[in-house]
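In what follows, every heavy atom counts, from backbone to side chain, and hydrogens, waters and symmetry copies are set aside. Treat the numbers as computed from the prediction; the structure is a model and nothing was measured. Order of the sequence lines sets the chain letters (A, B, ...), proteins ahead of strands, with each chain counted from 1.
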Protein chains: 2
Amino acid sequence: MLTKKSKYGLKAVLVLAEEAGRGPVLVSDLADRHRIPKKFLEAILLELKRHGLLQSKKGKGGGYFLSRKPSEITVGQVIRVLDGPLALIPCVSQTAYMKCEECGDEKTCGIRLAMKEVRDATAKILDNTTLAGLNAKVHPPRKGRRRI
Amino acid sequence: MLTKKSKYGLKAVLVLAEEAGRGPVLVSDLADRHRIPKKFLEAILLELKRHGLLQSKKGKGGGYFLSRKPSEITVGQVIRVLDGPLALIPCVSQTAYMKCEECGDEKTCGIRLAMKEVRDATAKILDNTTLAGLNAKVHPPRKGRRRI
DNA sequence: ATTTAGTCTATAAATTCTATAGACTAAATA
DNA sequence: TATTTAGTCTATAGAATTTATAGACTAAAT
């Protein structure tokens, strides 16, 4: 399961993507917008900042904003920071490999084999889904004709 | 993350698949084979039995065995019983749909969109991975030439 | 100086995961 | 039919993780 932490983080970051270029957004605004406990969200944004996905500005006129363009930040990156590896078992993680405690022999582990496939498919999707891309799919440009 | 429950359950069930047709296997044997706490494994197997994946026989010469052929039981079925839906958020589950508590509008939820893709990819893999198939991949027939 | 708003540490409440204990029931067989 | 074997069921406990909340502190703006 995706934790609330990741869910909240993603919601916030998607808003920051919408607002990109218009200056910092208040934690309070982000929290209100999606009814996220403010203090919890603060911790989440801080973690994203520490990992380089966000930047912030203190004091009046402060708030959070994306470190990179919305088209250069993926859902996979956000989830990895907040929930850890995408892989369902540590021994198939690309970014945080670990031997499973109880594992006898990785080469003959069927579970590992199946989970590897799942991890790869998941990573392929989430590492190619950018904030910009996602927002575009969900908030399509109004009526009007498509730009040429 | 896959819980130990699912991991243990899958390991047990893969052994039962190997032993299929040779009569019931003792819980103790399954537990020993993979160093699984016996009482915990009992609970797991019972749950799989309740969901119709396993059958059991009490008394001397008893034990557990698969309800169907190893080629007719999938990893997806086992995981759903033990860990619940494959979907990372309830609103994209096919087998156990639920509205997300904090969700405003599903149609404009980017997270849902991304998670739907992941669920579908995961289900496609796990619902097509049978116990027989997995065992075959991992314990390939010895030397000898391939049957014609 | 004052107000605004993010930073950091600590801790608490709730939930879920992992495991264990023990009494009970069904089946086999001697 | 008594005994042994092995699964069934209920209850509960310990550990870990998730989900927050409180409060003191720091940087920036005016």
Side-chain angles (χ1 to χ4, degrees), chain A residues 1-12 16 23-32 34-67 79 81-85 88-90 100-102, chain B residues 1-13 16 19 23-32 34-67 79 81-85 88-90 100-102:
Chain A
M1 273 285 181
L2 208 64
T3 63
K4 292 204 176 181
K5 201 173 166 189
S6 267
K7 236 171 172 177
Y8 291 162
L10 281 171
K11 290 198 179 196
L16 293 182
V25 181
L26 296 183
V27 176
S28 306
D29 283 358
L30 296 169
D32 290 350
H34 293 291
R35 288 196 209 110
I36 302 173
K38 191 188 163 196
K39 275 293 186 180
F40 193 21
L41 185 56
E42 277 181 3
I44 292 169
L45 296 177
L46 206 48
E47 205 167 338
L48 289 170
K49 177 184 172 175
R50 288 210 191 90
H51 281 81
L53 295 184
L54 301 183
Q55 286 183 270
S56 64
K57 215 185 140 193
K58 283 187 178 181
K60 198 165 189 177
Y64 279 91
F65 51 99
L66 302 181
S67 286
I79 292 181
V81 167
L82 298 176
D83 272 2
L88 294 177
I89 49 179
C100 294
E101 316 167 17
E102 5 67 47
Chain B
M1 271 287 179
L2 208 66
T3 63
K4 291 204 177 183
K5 200 173 168 190
S6 267
K7 236 169 172 177
Y8 291 162
L10 281 170
K11 289 196 180 196
V13 146
L16 292 181
E19 303 293 330
V25 180
L26 295 183
V27 176
S28 305
D29 283 357
L30 296 169
D32 290 350
H34 292 291
R35 288 196 209 113
I36 302 173
K38 190 187 165 197
K39 274 291 185 180
F40 194 20
L41 186 57
E42 275 181 4
I44 293 168
L45 296 177
L46 205 48
E47 206 167 337
L48 290 170
K49 177 182 174 179
R50 287 210 192 91
H51 280 81
L53 296 185
L54 301 184
Q55 287 182 272
S56 65
K57 216 185 140 194
K58 282 187 175 182
K60 196 165 192 174
Y64 278 92
F65 52 99
L66 301 182
S67 286
I79 291 180
V81 167
L82 298 176
D83 272 1
L88 294 177
I89 51 179
C100 294
E101 315 169 19
E102 7 67 48

Base-pairing string, 5' to 3', of DNA chain D - Watson-Crick or wobble, under 3.5 Å, | interstrand:
||||||||||||||||||||||||||||||

Ignoring hydrogens, what is the shortest heavy-atom contact between B/Leu82 and B/Gly9? Give both atom names and the distance.
CD1-CA, 3.8 Å

Can you measure B/Lys49 atom NZ to D/dA6 atom P for me and round it to whole angstrom units?
16 Å

What string of B, S and - do you get for nucleotides 13-21 of chain C, 5' to 3', if B is base contact, S is sugar-phosphate-only contact and - is no contact with any protein heavy atom under 4.0 Å?
-----SBBB

Interatomic distance where CD belongs to A/Glu101 and P belongs to D/dA16 [whole Å]
11 Å

How far does CD of B/Glu101 sit from CZ of A/Arg35, to the nearest 0.5 angstrom?
11.5 Å

Can you check the A/Leu45 CG to D/dT19 P distance for me, whole Å?
16 Å

Send over the distance from A/Ile79 CD1 to D/dT18 P, rounded to a whole Å.
14 Å

What's the CD-P distance between A/Glu47 and D/dA20, to the nearest Å?
15 Å

What is the distance from CD of A/Glu42 to C1' of D/dT19, rounded to the nearest Å?
15 Å

Worked check of salt bridge (Lys or Arg N to Asp or Glu O under 4.0 Å) between B/Lys4 and A/Glu102
CA-CA 10 Å; B/Lys4 291 204 177 183; A/Glu102 5 67 47; 5.5 Å; no

How would you label the contact of A/Leu26 with the nucleic acid (heavy atoms, under 4.0 Å): base, sugar-phosphate, or nothing?
sugar-phosphate

With A/Thr3 via side-chain hydrogen bond (donor to acceptor under 3.5 Å, both in side chains) - residues at least two apart
A/Asp83

Results of side-chain contact (heavy atoms from CB on, under 4.5 Å) for B/Asp29 - residues two or more places apart only
B/Val25, B/Leu26

Under 3.5 Å, which donor-acceptor pairs do the side chains of residues 48-64 of chain B form with other protein atoms, sequence neighbours left out?
residue : atom : partner : partner atom : Å
B/Lys49 : NZ   : B/Ser56 : OG           : 2.8
B/His51 : ND1  : B/Glu47 : O            : 3.1

Taking every heavy atom of B/Val27 against every heavy atom of B/Glu42, the minimum-distance pair comes out as CG1-CG, 3.8 Å

Verify the contact: side-chain N or O of B/Arg50 to OP1 or OP2 of D/dT8, cut-off strictly under 4.0 Å; return yes or no.
no

CG of A/Leu46 versus P of D/dA20: gap in Å, rounded?
18 Å

Should A/Lys5 and A/Phe40 count as side-chain neighbours, where that means a heavy-atom distance under 4.5 Å?
yes

Below 4.0 angstrom, which residues in residues 55-63 of chain B have at least one non-hydrogen atom near DNA chain D?
B/Ser56, B/Lys57, B/Lys58, B/Gly59, B/Lys60, B/Gly63

Got a second to check how far B/Glu19's CD is from B/Leu30's CG, nearest 0.5 Å?
8.5 Å

Residues B/Tyr8 and B/Ile44: closest non-hydrogen pair is CB-CD1, 3.8 Å

Restricting to non-hydrogen atoms, name the atom on A/Lys7 and the atom on B/Cys100 that form the minimum distance, rounded to 0.1 Å.
NZ-SG, 3.5 Å

Protein-nucleotide distance (A/Ile44, atom CD1; C/dT7, atom C1'), rounded to Å:
15 Å

